[in-house]
Each structure stands twice: as C-alpha cells, then as structure tokens.
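The next block holds one structure in the form of structure tokens; read it before the comments.
Throughout, numbering of the chain's residues begins at 1 and tracks the sequence. All heavy atoms count here, side chains included; hydrogens, waters and symmetry mates do not.
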Amino acid sequence: MTFNMYHYYDKNIGPFKNLPKLSIEAAEEVSNQIKADGKTFASQRSNDYMDVRRELESKVRTLIIHFPFT
C-alpha cells in the first residue's frame, strides 16, 4: 500500500511554519496575530483551531504507535 502526504502552504510565506511546535500560549499568540493580519488563508481558521489540531495530531500519533505502517 502506498500513502501520499501533502503539506499545503501559502507560497508567499513558505512551507513548514508549524504552530504546534510552539508552546500553547505562543501558538495562540501567533494564531491570533495571523487572524488579525487577515492576509492569508490561515487567518480564516476558527477560534478553536489549535485545540482541534492538537487533539487530531494526538490521535494520529496514537494510531501510528498502535498500527505502524511497516
């Protein structure tokens, strides 16, 4: 089985600007600034985006640990 992974990003900013790598407080601050600037697709995210993303990433990590692709 083959899997394809995609990382969508704003070409003006560049790839791999990863908010979840920041502390919760720092990620919220950056996310709020992105929303206030209103210049990118990311500025349209819901207020609970970081909470939802962290929860989903946690689920994915758990699945990978329990069901490795190898």
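Screening residues 33-43 for side-chain hydrogen bond (donor to acceptor under 3.5 Å, both in side chains), with sequence neighbours left out, gives Gln33-Asp37, Lys35-Asn47.
Atom-to-atom distance recorded for Ile34:CD1 and Tyr49:OH is 9.0 Å, nearest 0.5 angstrom. Rounded to the nearest 0.5 angstrom, Arg53 CZ and Ser31 OG are separated by 10.5 Å. Atom-to-atom distance recorded for Glu25:CD and Met50:CE is 11.0 Å, nearest 0.5 angstrom.
Tested against Val60 for a side-chain contact (heavy atoms from CB on, under 4.5 Å), the candidates Thr62, Leu63, Ile64 yield a single pass: Ile64.
In this structure, Val52 belongs to a hydrophobic cluster whose other members, linked by side-chain heavy atoms under 4.5 Å apart, are Leu56.
For Glu57, the CD atom counts as densely surrounded, since its 6.0 Å shell holds more than 12 non-hydrogen atoms of other residues, nucleotides or ligands.
Under the 3.5 Å distance criterion, the side-chain polar atoms of Ser58 are left unmatched by any main-chain donor or acceptor of Arg54.
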